[in-house]
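Since this is a predicted model, take the numbers as computed values, not measurements. Basis for what follows: all heavy atoms, side chains included, without hydrogens, waters or symmetry-related copies.
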Amino acid sequence: MGGRIDDLGIIRRRRAAFEAVADRYASFRQLPIGSPPMGCFVVLFALISPRLALFFIAVFSDLLSRAFDSWFIPFLGFFLLPWTTLAYACMWSLGTDRVSGFEWFIVILAFLADLSGYGLIGNRRQAAR
């Protein structure tokens, strides 16, 4: 009988330790109130095409309307700078509803990715001549 009581004590201590760790890291799992989680499909669409990801974000969430003041800037960004528009909206939603610090670095990288796409198009046109 003494062995069973000791086993229950060990189980209770392990459960308490597990719950303490789970409580400590529970804040990492929680999303800010009012923001729906960005699904894996949107990330997959972003890897395939940033315009496709922007389309799904615009249709199924309000992220673009919260990140930008008007509809015109995301609309223009859809056609001219899709990676930059997507990166700005995502970085805006990650932090304190503004883009600051390291988040600007990510937006600038996305801008450079957009510019490199235009550079590749120019190189292909020159090579075709």
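Residue Leu63 holds its CG atom at 6.0 Å from SG of Cys90, rounded to the nearest 0.5 Å. Separation of atoms OG1 (Thr84) and CD1 (Ile108) is listed at 10.0 Å; rounding is to 0.5 Å. Taking CG of Leu94 as the reference point, atom CZ of Phe102 lies at 11.5 Å (rounded to 0.5 Å). With values rounded to the nearest 0.5 angstrom, Thr85 atom OG1 is found 7.0 Å from Asp114 atom CG.
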For residues 67-75, tabulate all N or O donor-acceptor pairs below 3.5 Å that involve a side-chain atom, not counting sequence neighbours.
unit_1: Ser70; atom_1: OG; unit_2: Phe72; atom_2: N; d: 3.4

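Residues in residues 97-109 take part in these side chain to side chain donor-acceptor pair (under 3.5 Å) pairs, two or more places apart or across chains: Thr96-Arg98.
Here the closest heavy-atom approach between residue Phe78 and residue Arg51 is recorded as O-NE, 2.8 Å. When every heavy atom of Phe111 is checked against every heavy atom of Leu81, the shortest pair comes out as CE1-CD1, 4.0 Å.
Residues Leu86 and Ile57 have side chains in contact (heavy-atom distance under 4.5 Å, counting atoms from C-beta outward).
Trp83 and Ile48 are members of different hydrophobic clusters when ILVMFWY side chains are connected at heavy-atom separations under 4.5 Å.
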